[in-house]
Protein chains: 2
Amino acid sequence: MLTIGRLATATGVKVPTIRYYEQIGLLPPPERSMGNQRLYGQSARDRLTFVRHARELGFPLEAIRDLLSLSDDPDRSCAAADAIARAQLVAVRARISRLRALETELERMLVQCAHGTIADCRVIEVLGDHAHCCESDHGAPETV
Amino acid sequence: MLTIGRLATATGVKVPTIRYYEQIGLLPPPERSMGNQRLYGQSARDRLTFVRHARELGFPLEAIRDLLSLSDDPDRSCAAADAIARAQLVAVRARISRLRALETELERMLVQCAHGTIADCRVIEVLGDHAHCCESDHGAPETV
DNA sequence: TCTAATGTCTCTAGCAACTATAGGTTCAAG
DNA sequence: CTTGAACCTATAGTTGCTAGAGACATTAGA
């Protein structure tokens, strides 16, 4: 049986995050020690590893909830899990192409920077006047 | 003079977002009509265009605040603006490489999916048991 | 065995960067 | 002059956590 701290180091998920996952119902409430501290077994550890990995792959918690409910029910079709992963792949690819356009533009801004005063700074100018420089439409803001 | 709605369509920034930017001090409080409605001039429009464009490039609002204060002071050196853009470029590149690792992983998951039942679905397996399949370390979760 | 340090508990509030809702006011068209 | 869209303020909600306060539990060392 693992305390929450040991589970945290074992899985790489921080302690408050584990409690948060429990709070939102992603992890079931674990056993408690006599002193009311959480105690986790192997299945909780596996489940949390699954969650962490899915988060690293960019799945939102709602999708992870769906995936967990699928894996809790192993006789159902794989198609649903497949669809979730497929949608995620589409989203990831779109994100990559947007970020590449961003990269190009930032590179150009920096290359053209005159290293003088703000008055003739390309960075400021480019941001102030989109039409002067941009080839691509950036779309929605990127969260970086 | 533009009302907030016209400013919103002119710049592509939503009305509540404009008010939010004013609230956090990114935009100065504009003039008001006799009926207490906001009225914007050209300089407000320019400033908001600048903000929108910087957001599209992924600059966080704090960085935009810095860039705006720099551009208010055109005699200063360009170096600070350059540094902000450079940091942004580094962040964007890191994000791209992480997303590429993600893409590879999702592709493999989908290819390996036997399209049978969950019991032999690689999507679940890959997420549950990292060591079995991953070549790369994904790093921190991506927000997709 | 006592004690000090660490770990854990609950609860609340905060972060980015908005978005949505409620309940009211103002404006422009017909 | 009325109707409906656009506007106002203020508050609360979103996602996925993270940080803090103040109290209890556990453990390692003297």
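Protein chains get the first letters and strands the later ones, always in sequence-line order, with residue 1 at the start of each.
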Nearest-nucleotide check on DNA chain C, A/L39 vs B/L61; residue mapping nearer the 5' end is A/L39
- Is any side-chain heavy atom of A/R32 closer than 4.5 Å to a side-chain heavy atom of A/L39?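 Answer no - side chains too far apart.
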For this session: Check whether any side-chain heavy atom of B/L68 sits under 4.5 Å from a side-chain heavy atom of B/V51, and report yes or no.
Result: yes
Would you please confirm or rule out a distance under 4.0 Å between OP1 or OP2 of [N] and any side-chain N or O of [X]?
X	N	answer
B/Y21	C/dA17	no
A/K14	D/dT18	yes
A/R32	C/dT10	yes
A/R55	D/dC17	yes
B/R19	D/dA6	no

Rounding to a whole Å, what distance do you find between [X]:[atom1] and [N]:[atom2]?
X	N	atom1	atom2	answer
A/I18	D/dG16	CD1	P	17 Å
A/I4	C/dC9	CD1	C1'	10 Å
A/L27	D/dC17	CG	P	11 Å
B/Q23	C/dA16	CD	P	12 Å
B/E31	D/dC8	CD	P	14 Å
B/Y20	D/dC7	OH	C1'	21 Å
B/L7	D/dC7	CG	P	10 Å
B/E62	C/dC18	CD	P	13 Å

For nucleotides 21-30 of chain C, 5' to 3', base contacts (B), sugar-phosphate-only contacts (S) and non-contacts (-) with protein non-hydrogen atoms under 4.0 Å give -----SS---
Spacing of CD1 belonging to A/I96 relative to CD belonging to B/E103, to within rounding of 0.5 Å:
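Those atoms lie 4.0 Å apart.
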For B/T11, does its backbone N or O pair with a side-chain atom of B/R52 as donor and acceptor, under 3.5 Å?
yes
- Taking the side chain from B/R47 and the backbone from B/P28, do they hold a donor-acceptor pair closer than 3.5 Å?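 No: the side chain of B/R47 does not pair with the backbone of B/P28.
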query = Are A/R93 and B/E107 ion-paired here, with the side-chain N under 4.0 Å from a carboxylate O?
reply = yes
Applying a 4.0 Å non-hydrogen cut-off, can you work out what B/R38 is touching in the nucleic acid: base, sugar-phosphate, or nothing?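 Sugar-phosphate contact only - B/R38 comes under 4.0 Å of backbone atoms but never of a base.
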**Request:** Scan B/I24 against the nucleic acid and name what it touches under 4.0 Å (heavy atoms): base, sugar-phosphate only, or nothing.
**Result:** nothing
Which residue pairs satisfy the side chain to side chain donor-acceptor pair (under 3.5 Å) criterion with at least one member in residues 14-27 of chain B, sequence neighbours excluded?
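Listed once each, the pairs are B/E22-B/R38.
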